[in-house]
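Below is one structure, written out as structure tokens; comments come after it.
Since we're looking at a predicted model, the values are computed, not measured.
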Amino acid sequence: MNYKKFSIVIFLILSFFVISNFIIWESATKDILTRKDKDIITGDMARMGYLPKLNHKRENINDLPKKHMNFTGLDENIDMITIGDSFSNGMAGGLNRFYQDYLASYTGMDILNIQQIPGTRNYLETITMLYNSGTLEKAGVKYILVESTQRKVVSRFSIPIDYEANLGDNNILKTYFKKVDNESFGLPEVNFINNGNYKYLLYSFLYNFSSNAFISKVYKVKLNESLFSIGKGNDLLFYKSDLSAIPKNKEENIVKVNDELNKVAELLGRTGIKLVFMPAVAKYDLYRDYIKDNIDFPKDPFFDILRGLKKKYIFIDTKKILSKEVKKGVKDIFYIDDTHWSYKASDIISKDITQKLNK
């Protein structure tokens, strides 16, 4: 082959490489690998599974009359403190992404969302530390709501905590309380030539033979009903950790969790503070019974076990609450492309919490 022919071959190969990347980028992967407008949100499930057709684009809007607080201290009167993971920090995005805003609007309470104090074992130890220091009583706190995604409840709360933990005389609050930037929903800059384009092709092929494309962290299965508003509405995406957590959700572990919650509830009750525990039902667990021809996916006993235990705290059974809505055929209780529930779930659950607190 002479130099001229060789140059033509190289040029054609490079042209094909660039053009094919550009076509895949513009037609598929651009929408899942970039997020230049922080106010237009899409879920991580579609991104991790390279499933752009199941993107649920949504805009960050807040139109509720009362908002919760997320700021730098406990200097003023606070009715309720919330503490939890991404569900409590509005990471689903979209319309009224904080359940605390619905709760504040329905109850009229001043609600402060806080983060776990660095160095503490879990949210319960953070609460214990604030209680023992007199910080909660000084702020006039009446309720503390602890939230955790279902798959992490056992690993977070089955371990014993230090019930003597105290802030002492140090100034940890000044460094601990900080405004959390929940407005940042951006993704790293990605060039249109990237390996995600080829992962998209690979995953698109492999999902035809495996519910998790053999290698994906995202499972994709069909439902026997249309329960989402994207596509035909009968695709369910869920995170593999929803499955891997099931073996941990056995009775002895959940009893340990309940015991720790009861101890903290007793501690808080000495000054009239009530503990509210809200495990956020896993997307898989909520929709499992609707999976078409389900012979492979096990039942998660978490809520069945926890319901039957004696409690000294207020229990928010999010599975029971949301299952009623799913049974009615309400769509988008969870976002199809996300591990988080939508504003619809936040609204429904906040109404239930409000009723329980009023009692």
Side-chain angles (χ1 to χ4, degrees), residues 82-88 92 99 103 122-124 145-159 219 221 223 225 227 236-265 274-291 294 296-330 333-335 338-342 344-357 359:
T82 62
I83 183 170
D85 50 36
S86 54
F87 280 83
S88 289
Y99 68 82
L103 197 52
N122 55 36
Y123 307 143
L124 297 182
L145 188 153
V146 175
E147 172 274 320
S148 172
T149 185
Q150 177 178 337
R151 64 177 175 269
K152 292 187 177 181
V153 167
V154 167
S155 59
R156 277 181 175 144
F157 304 126
S158 62
I159 57 174
Y219 280 80
V221 296
L223 300 175
E225 294 184 29
L227 293 172
L236 174 66
L237 306 183
F238 63 89
Y239 193 40
K240 71 172 186 177
S241 292
D242 286 351
L243 292 179
S244 61
I246 293 177
K248 299 177 185 177
N249 292 337
K250 50 188 178 181
E251 186 168 4
E252 62 185 89
N253 289 337
I254 296 175
V255 167
K256 290 179 182 177
V257 171
N258 190 63
D259 288 344
E260 293 299 313
L261 288 165
N262 281 338
K263 290 176 184 177
V264 173
K274 291 181 172 61
L275 177 66
V276 182
F277 180 51
M278 185 176 74
V281 62
K283 187 179 185 182
Y284 164 77
D285 195 18
L286 184 64
Y287 291 100
R288 174 191 174 273
D289 291 346
Y290 298 88
I291 296 177
N294 182 15
D296 299 322
F297 299 107
K299 178 179 174 60
D300 191 335
F302 176 86
F303 278 93
D304 291 338
I305 296 172
L306 186 56
R307 284 185 194 120
L309 301 179
K310 293 184 178 180
K311 306 172 184 68
K312 298 180 180 180
Y313 54 89
I314 300 171
F315 172 49
I316 307 302
D317 191 337
T318 58
K319 181 179 180 181
K320 184 177 181 180
I321 296 166
L322 297 180
S323 291
K324 292 178 182 178
E325 303 305 313
V326 175
K327 192 173 182 178
K328 294 175 187 175
V330 178
I333 294 296
F334 272 69
Y335 289 114
D338 213 313
T339 58
H340 300 94
W341 61 45
S342 72
K344 293 183 180 181
S346 294
D347 184 14
I348 295 162
I349 289 169
S350 295
K351 288 177 180 175
D352 185 86
I353 296 173
T354 301
Q355 289 178 352
K356 285 184 169 62
L357 298 189
K359 290 181 181 179

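- The shortest side-chain heavy-atom distance between Val146 and Leu275 falls under the 4.5 Å cut-off.
- No donor-acceptor contact under 3.5 angstrom links the side chains of Arg151 and Ser241, judged on distance only.
- Under 4.0 Å is where a charged nitrogen must lie from a carboxylate oxygen, and between Lys319 and Asp285 at least one such pair does.
- Considering Phe277, Phe315, Phe157, Tyr313 as possible partners of Asn258, the one that fulfils the side chain to side chain contact (heavy atoms under 4.5 Å, CB included) test is Tyr313.
- Shown are Phe334, Tyr335, Phe297; of these, the ring pair (Phe, Tyr, Trp, His ring centres under 6.0 Å) with Phe238 is made only by Phe297.
- Other residues, nucleotides and ligands contribute only 12 or fewer heavy atoms inside 6.0 Å of the NZ atom of Lys327.
- Annotation: side chain of Leu236 is not in contact with side chain of Tyr219 (no heavy-atom distance under 4.5 Å).
- Expressed to the nearest 0.5 Å, how far CD of Glu251 lies from CG of Asp304 amounts to 11.0 Å.
- At least one donor-acceptor pair under 3.5 Å links the side chain of Asn262 to the backbone N or O of Lys310.
- Side-chain contact between Met278 and Phe87: absent, with no pair of heavy atoms (C-beta onward) separated by less than 4.5 Å.
- The minimum heavy-atom distance between Leu227 and Gly329, with the atom names listed, is CD2-CA, 4.2 Å.
- Interatomic distance, OG of Ser323 versus OH of Tyr290, reported as 7.0 Å (0.5 Å rounding).
- A 4.5 Å side-chain heavy-atom check between Ile348 and Ile333 finds at least one atom pair inside the cut-off.
- Side-chain contact check for Glu260 versus Val264: every heavy-atom pair is 4.5 Å or farther apart.
- In terms of heavy atoms, Tyr99 sits closest to Ser88 at OH-OG, 2.8 Å.
- Salt bridge status for Asp242 with Lys283: absent, with no side-chain N to carboxylate O gap under 4.0 Å.
- Taking each heavy atom of Asn249 and Ile305 in turn, the nearest pair found is O-CD1, 3.7 Å.
- Across every non-hydrogen atom of Ile159 and Arg156, the tightest pair is CG1-O, 3.6 Å.
- Put simply, the side chain of Tyr284 does not reach to within 4.5 Å of the side chain of Gln150, judged on heavy atoms.
- Heavy atoms only, all atoms of each residue included: Lys311 and Gly308 are closest at NZ-N, 4.4 Å.
- The shortest heavy-atom contact between Leu103 and Leu145 is CD2-CD1, 4.3 Å.
- Taking a 6.0 Å sphere around NZ of Lys344, one finds it holds more than 12 heavy atoms contributed by other residues, nucleotides or ligands.
- To the nearest 0.5 Å, the span separating CD1 on Ile254 from CZ on Arg307 amounts to 11.0 Å.
- Using a cut-off of 4.0 Å between Lys/Arg side-chain N and Asp/Glu carboxylate O, Lys263 and Asp259 are scored as not salt-bridged.
- Residues Leu357 and Ile314 are in side-chain contact: their nearest non-hydrogen atoms beyond the backbone lie under 4.5 Å apart.
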